[in-house]
Amino acid sequence: MTDIKSKDQNPFFSLEEIDSEREVKWRETLRLFCANRPALFGFLFIIVFIFVGIFGSILVPADPFEMVAVPLTSPGVGTLFGSDYLGRDVFVGIVHGTKATMIIATTATLVTVFIGITVGALAGYYGGIIDNILMRITEFFQVLPPLVFAMVIVAVFSSDILVVILAIAVTTWTTEARLTRAEFLKIKEQDYVTASRAIGDRDRRIIARIILPNAMPPIIIAITLRVGITIIYEAALSFLGLTDPDIITWGKMIGQSRDYFFDAWWTVTFPGVAILLIVLCIALIGDGLNDALNPKLRGR
Amino acid sequence: MISEATEFDPNNILTVKDLSVDFDVKGQSINILSKVNFGLKRGETVGIIGESGCGKSMTALALLRMVPSPPGKISNGEIFLNKKDIMSLSKREINRVRGREISMIFQEPMTALNPVYSIGNQLVETIQQHKPIDRASAMEEAIELLRSVQIPAPEKRISEYPYQLSGGMRQRIMIAMALVCNPQVLIADEPTTALDVTVQAQIFDLLKKIQNKNKTSIILITHDFGAVSEMADRVIVMYAGFKIEEGTLEEIRNSPIHPYTKGLLGSMLELKTDSAGFRERLPEIRGSVPDLLNRQAGCPFGPRCESATTRCLQMPPTFDLGDNRSVMCWLVENGEN
C-alpha cells in the first residue's frame, strides 16, 4: 500500500506496491542450512545424542560401574559392545557417559566463550592501554600449552567436575578473545556505530547491542568448533585419570582401557567412535552455519 | 576591522569560538581545524562547503565531541549549545546532549544503519532509550516518525531490515532516527551524496518541512554548491581547516570575495553555451588541497591563488565585514571588493 493515488490512474496497472512476501532473514538462513545435507545430518545426530544424554539413564537403567560379565567379553548378545577389564558393560558406559560428556562440553564451551568474548570485546572496543593490557594477558595464556596447564590446575585443586570445566575454559579462551577483538576492531569503524554514538548511545549499549550482534557469525562458528575441542580436552584429561572418579565419561573409558587395546579392541573403539561421531557432527553443523550465515558463500 | 572572535550572540542556539582540532600523525601534530568561528540561529540553515579534507566533517564531529581520539583532539575552542558549554560536559552529560539537543545524519545511508536489526527495532530502542515509554507505544511513535519522513506503508516497512530498502528510504530512516528526540540542531553531513538527484530533491524537501515544523537549525555539510543554494540561508566556505569566507547565500553567490569562493562558483556546471552553441570549457582551480602535514607559511590558498601577492606570504587574518560576513583574505584590506 502506498500513499500515491493519482486521479487519472492507468486502469491496467496499479501504482500500489505489490505486496510480495519477502523472505525473512532467519528463515532464509534456516533454508540454506537445511539445504546443506551434511549439516542437517549432523544436526539430527546431535539431537539423538542429546536424547540419549537426557533419557539414557532411564532407558538403560543399569549401573555403568557394575560388573555384569566376565572381564573383556567380546561384543555379543549379553553385552552389546562387550565388557571392559572389570567386566563392566561398555554399551551402558557409553549411554551413561553421554550426559556427563555433553554437560562438560556445553558448560566448558559457554564459560570459554564468555571469557573470550568479554576480553575480546573490551580490548577491541576501547583499544589503547586497555587493549594492550588485555592482549598481553591473552598472550600469556596463549604461550602456555593448554593441556599441561589444565592438568596442573586439576592436579593442584581437585578433580571435581566443576574444576575440570573451569580448567578447560581458563586455558583455551584465547582463540575466541582474539577473534572477537578482530571483529570489534573492524566493526567499530562502521558508520552505524558512529551513528549510534551520535544519537547518544552509551559504550555499554554500543558494545552489547550494536557491535556484538554484528560480530556473531564468525563467533558462532568458532563456538561449534569449540564444543568439539572441549570434548577432546575432557577426553584427554580423563585419559590421564584427572577427572571426577564418580562420573563416567567417554574419555575416561578410553583412558582406563588403554592397556587392553590389543586384547580387547572394543573397550576403546566404541567410546572412541562416539567421540568421533559427536565431534564430526558438531563440525558439520559449524560448516553448515558458516555457509548459511556468510552472505558471500550464499547461493554457491 | 579585525575580529577577535565572533561576539557571543544571545540569539544563537549554537556558538562556536576558535575551534581547533589537531591530529597526531607520525608523532607530528597537524592542524585539521584552525580557529573556526561561527554561530547558528534557531530555525536557520548554515551550509558548510569545501573540498574533501578541508575540515567540514571534522567540524561536525567536533560539535558532537566525537573527534576520533586518538589520534585527534580538540586542542582549542569553545562550543556553546543552548548556553551549555559542550567542552566542559562529562561523558555522561555529553551522551545526554547527543541525540536530544544535537543530532547527526550521515553520508552513507547504506552503511549507517545496523544491518542485524529491523527498522522498527532500531527506532523503538532509540525511542525507549530517550523516553520512558513501553514498547507498544514506542512502536506507534516509530510508525508515526516513519510517516513523518514520508516512508510509504510504514506499518509494513517497520518490520523490514536495512538491506531490503533503497538508498533514499534508508536516508529517510536515518533522518527519522536523528529526529527521535526533536533535536534543536541537526547536522547533515553530505546527506545526499550517495543518492541520485530526484531523491536528493525529496530529501531536501523533507528536511525543510521538518525545519519549518520544529524550528530545527540545520548545519548542512556538502561539497555541492547546488545543494547549498537549495537549502542554506548562510554559507561558510572552508579551505584547509580555515573558515575563509562567510556570508548569506546571496552574498556568497552574487558577490564572492575570496578567490577560492570565486573559483568554486566558477567551476560549477551550468547549461550555458557560447555563440556557436558549444559548451564553454569549464574553469577549474589549479592545483589541489595542500598537504596539511607540510604547511607552507602564509595564506593556505596562496599557492593556488591567481591574485596572490607577496602580501599573501603572511597569514591573512579574518576580516569581519559585519553582519556575519567575513573573509580571510588580504584583498579585503586593499579595498578591492
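Just so it is clear: chains get the letters A, B, ... in the order the sequence lines come, proteins before strands, and each one is counted from 1. Hydrogens, waters and symmetry mates play no part in the numbers below; they use all other heavy atoms, side chains included.
Listed here is the closest heavy atom pair of A198(A) and R98(B): O-CB, 3.5 Å. Smallest separation of non-hydrogen atoms from M174(B) and A195(A): CE-CB, 4.2 Å.
The closest side-chain heavy-atom distance from P115(B) to Y192(A) is below 4.5 Å.
For a residue to count as touching a neighbouring chain, one of its non-hydrogen atoms must lie under 4.5 Å from one of that chain's; by this rule T194(A) touches chain B with backbone and side chain alike. Heavy atoms closer than 4.5 Å to chain A are found in the backbone of I102(B), but not in its side chain.
If you take CG on L113(B) and CD on Q190(A), they are separated by 12.0 Å, rounding to the nearest 0.5 Å. Note that the CD1 atom of I199(A) and the CD atom of Q122(B) stand 8.5 Å from one another [nearest 0.5 Å]. The CZ atom of R209(A) lies 7.0 Å from the CG atom of N121(B); values are rounded to the nearest 0.5 Å. A distance of 12.0 Å separates CG of N114(B) from CG of D191(A), quoted to the nearest 0.5 Å. Taken from CD in Q129(B) to CZ in R202(A), the straight-line distance is 6.0 Å, to the nearest 0.5 Å. R65(B) CZ to R197(A) CZ: the interatomic distance, rounded to the nearest 0.5 Å, is 13.0 Å.
No more than 12 heavy atoms of other residues, nucleotides or ligands sit less than 6.0 Å from atom CD1 of I129(A). Heavy atoms of other residues, nucleotides or ligands lying less than 6.0 angstrom from CZ of F43(A) number 12 at most. Atom CZ of R37(A) has 12 or fewer heavy atoms from other residues, nucleotides or ligands within 6.0 Å. Environment of NZ in K188(A): crowded, with over 12 heavy atoms of neighbouring residues, nucleotides or ligands closer than 6.0 Å. Within 6.0 Å of CZ on R100(B) lie more than 12 heavy atoms contributed by other residues, nucleotides or ligands. Surrounding NZ of K208(B) are more than 12 heavy atoms belonging to other residues, nucleotides or ligands, all under 6.0 Å away.
Between chain A and the residues M177(B), H130(B), E125(B), the most heavy-atom pairs under 4.5 angstrom are made by E125(B).
K91(B) has a carboxylate O that lies under 4.0 Å from a charged side-chain N of D203(A), or vice versa, which qualifies the two as a salt bridge.
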